[in-house]
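Here's the structure, in structure tokens; my notes come after.
If you're wondering where the values come from, they're calculated on a predicted model, not measured in any experiment. A, B, ... follow the sequence lines: proteins, then strands. Residue 1 opens every chain.
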Amino acid sequence: MTEITHHIPDALMAAYTAGSLPEPYALVVATHVSMCLECHASYEAHQALGGAVLETSGEAAVSEALKSDVLALLDAPVASEPVYKRTGVYPGPIMTALKGRAPKWKSLGLGVRQCILSGNAEGSVRLLYIPPGQAVPDHGHNGLEMTLVLQGSFSDETGWFGVGDVELADQDLEHTPIADAGPPCICLAATDAPLRFNSFVPRLLQPIFRI
Amino acid sequence: MTYVTSPDPDPADTAGFSQETLWMLAVRDQRDKAAFSALFDHFAPRLKGFIMRSGMGGGQAEEVVQEVMLTVWRKADLFDPGRAQVSGWIYQIARNRQIDVIRKENRPVPEELYEDQGSMPDASQVVGLEQEANELRQALGRLKPDQREMIEKAYLGELTHQEIKSQTGLPLGTIKSRIRLGLERLRHELKDMRTDD
Ligand SMILES: [Zn+2]
């Protein structure tokens, strides 16, 4: 496996740890942390800082009943929640989003496929399947767009992205990521653009039309 | 109700461990209710204060504290003192629970790194983590009040990532050494575990 070179920046990791990152991005971070030791270490460091804040930011007395309620519940039976593990190229957080099932792909044309994992007015996150030489579809975004490679690789004006790499793009970045030769590129892509039916179309290959 | 307190782990192996870590290990390995009770007394008021600071009323905050402390008991086998401080581990459980309550959605969490939870890590590694945690707390205490408030707001989940990013004075550099040491530990553990690959 090649070395991961595009990681989760500190501010994003702090927001993810604190839970202030919107769900589509949080899924990308959780998936990357599942694949990347360096970011796992970063995640643990941010948890340690959160723990220091918890230890030192003040106390509020709890009611007497709370402790006896909790102690009385220690031996109560609890239903165990399913834990989804990595399957193929899909790490645990994606399998959880898929509820343990294989992705249901929908064709976008030119061999490009997508599988929407979740979406609402605030953003969306989806799997993309891009054959070699095809462009990664344009998500359309107002703020941040995150694309994590799960299989294969893509390249654009800013560099090369292999398995585990995350590309962060803000609205100022004009880029045309193209899947490289080799196995089809499978990515996890999150955007803050509202999810609309059919809004997701293959990106035109700009250079071809540029004179 | 009667509590059976199991003997503490061998003191020779646990010298330098914090009291919280010893309680947590007794909960994990002996299902020790007296140790859990001590953890509750230490963390429940801190958790309630922490949760109320992010705007929740006292009643709802206590409901979250109850869920968090029950999770500490039920998921104790996931606690690894070689990788996490008790306070950091409980912090993450608390934030995840608050988000589940507020947003009615499950926060995506990373896959656990290892299968063999519950094994005792190298004691010096645990002590190293305890020292780092102390240094982090001291570094927090030395910050100027406005910087400290920014850190608290960030980890209470009150800032967007753009806001955290724009706080150029935010001393996130204090955790760089923690990240580096954590990475060394993970690489070391994985190397040990993958020898038969
Ligand atoms: Zn990384």
Side-chain angles (χ1 to χ4, degrees), chain A residues 9-12 14-21 23 25-34 37-38 40-63 66-67 69-74 76 78 83-86 91-93 96-97 143-144, chain B residues 1 33 36-37 40 44-50 52-53 58 62 65-66 69-70 73-74 83-85 87-92 94-96 98-99 105 107-111 113 132-133 136-137 140-141 151-152 154-161 164-165 172 175 178-179 182-183 186-187 190:
Chain A
D10 250 342
L12 266 179
Y16 169 71
T17 308
S20 50
L21 209 53
E23 195 262 350
Y25 303 135
L27 182 61
V28 177
V29 176
T31 305
H32 178 83
V33 169
S34 304
L37 274 195
E38 199 167 320
H40 198 99
S42 163
Y43 176 53
E44 290 179 354
H46 285 279
Q47 288 177 327
L49 193 44
V53 171
L54 170 64
E55 280 279 0
T56 56
S57 70
E59 302 179 22
V62 294
S63 61
L66 182 64
K67 186 173 178 183
D69 286 353
V70 168
L71 292 176
L73 282 167
L74 293 187
V78 275
V83 175
Y84 298 106
K85 293 200 168 152
R86 169 185 269 271
T96 304
L144 181 67
Chain B
M1 198 181 295
K33 287 181 178 173
F36 178 80
S37 172
F40 184 98
R46 286 173 169 82
L47 281 166
K48 187 176 174 186
F50 181 82
M52 287 181 73
R53 278 196 54 183
E62 288 210 350
V65 174
Q66 171 163 333
M69 291 310 296
L70 284 172
W73 175 257
R74 288 167 186 161
R83 303 232 321 271
Q85 204 53 50
S87 58
W89 190 65
I90 293 183
Y91 164 82
Q92 193 65 75
R95 286 304 303 156
N96 291 356
Q98 266 178 284
I99 292 151
E105 65 188 22
R107 178 177 173 280
V109 292
E111 209 164 342
L113 272 183
E132 282 166 38
L136 263 186
R137 272 196 290 271
L140 264 187
I151 288 273
E152 289 184 352
Y155 288 90
L156 280 160
E158 288 171 5
L159 302 181
T160 65
H161 78 273
I164 296 173
K165 199 167 132 192
L172 285 173
I175 65 168
R178 175 67 174 72
I179 294 176
L183 182 59
L186 286 171
R187 287 202 171 123
L190 282 184

Greatest number of heavy atom pairs closer than 4.5 Å to chain A - which of B:Gly88, B:Ala44, B:Pro110: B:Pro110
Choice from B:Arg53, B:Arg74, B:Glu62, B:Met69 maximising heavy atom contacts with chain A below 4.5 Å: B:Glu62
For chain B, the option from A:Leu74, A:Asp69, A:Leu12, A:Leu27 that forms the most heavy-atom pairs under 4.5 Å: A:Leu74
Under 4.5 Å from any heavy atom of chain A - which part of B:Arg107: side chain
Rounded distance [0.5 Å steps], CD1 in B:Ile99 versus OG in A:Ser20: 8.0 Å
Non-hydrogen atoms of B:Ile151 and A:Val53 that approach each other most closely: CG2-CG2, 3.9 Å
Closest approach of B:Leu70 to A:Val70 (non-hydrogen atoms, all atoms of both residues): CD2-O, 3.8 Å
Part of A:Ala26 within contact of chain B (heavy atom distance under 4.5 Å): both
Among the listed options A:Ser34, A:Gly19, A:Gly50, the residue most often paired with chain B at heavy-atom distances under 4.5 Å: A:Gly50
Part of A:Tyr43 within contact of chain B (heavy atom distance under 4.5 Å): side chain
Shortest non-hydrogen contact from A:Ala61 toward B:Lys48: O-NZ, 3.0 Å
For A:Tyr25, all residues meeting ring pair (Phe, Tyr, Trp, His ring centres under 6.0 Å), sequence neighbours excluded: none
Contact origin within A:Val78 toward chain B - heavy atom pairs under 4.5 Å: side chain
pair B:Arg137-A:Thr56: side-chain heavy atoms closer than 4.5 Å: yes
Any B:Tyr155 side-chain heavy atom under 4.5 Å of A:His46 side chain: yes
Residues forming a ring pair (Phe, Tyr, Trp, His ring centres under 6.0 Å) with B:Phe36, sequence neighbours excluded: B:Trp73
Heavy-atom pair count under 4.5 Å with chain A, highest-scoring of B:Met52, B:Glu158, B:Arg46, B:His161: B:Arg46
Portion of A:Thr96 that has a non-hydrogen atom of chain B nearer than 4.5 angstrom: neither
Check: A:Gly51 main-chain N/O paired with B:Gln85 side-chain donor or acceptor under 3.5 Å: no
B:Ile164 side chain reached by A:Asp10 side chain, heavy atoms, under 4.5 Å: no
Most chain A-contacting option - heavy-atom pairs closer than 4.5 Å, from B:Ala94, B:Gly49, B:Gly58: B:Gly49
Side-chain donor/acceptor of B:Glu111 to backbone N/O of A:Pro93, under 3.5 Å: no
When A:Ala97, A:Ala30, A:Gly58, A:Ala15 are compared by non-hydrogen pairs under 4.5 Å with chain B, the top option: A:Ala30
B:Phe40 side chain near A:Val62 side chain, heavy-atom distance below 4.5 Å: yes
Side chains of B:Arg95 and A:Gln47 in contact at under 4.5 Å (non-hydrogen atoms): no
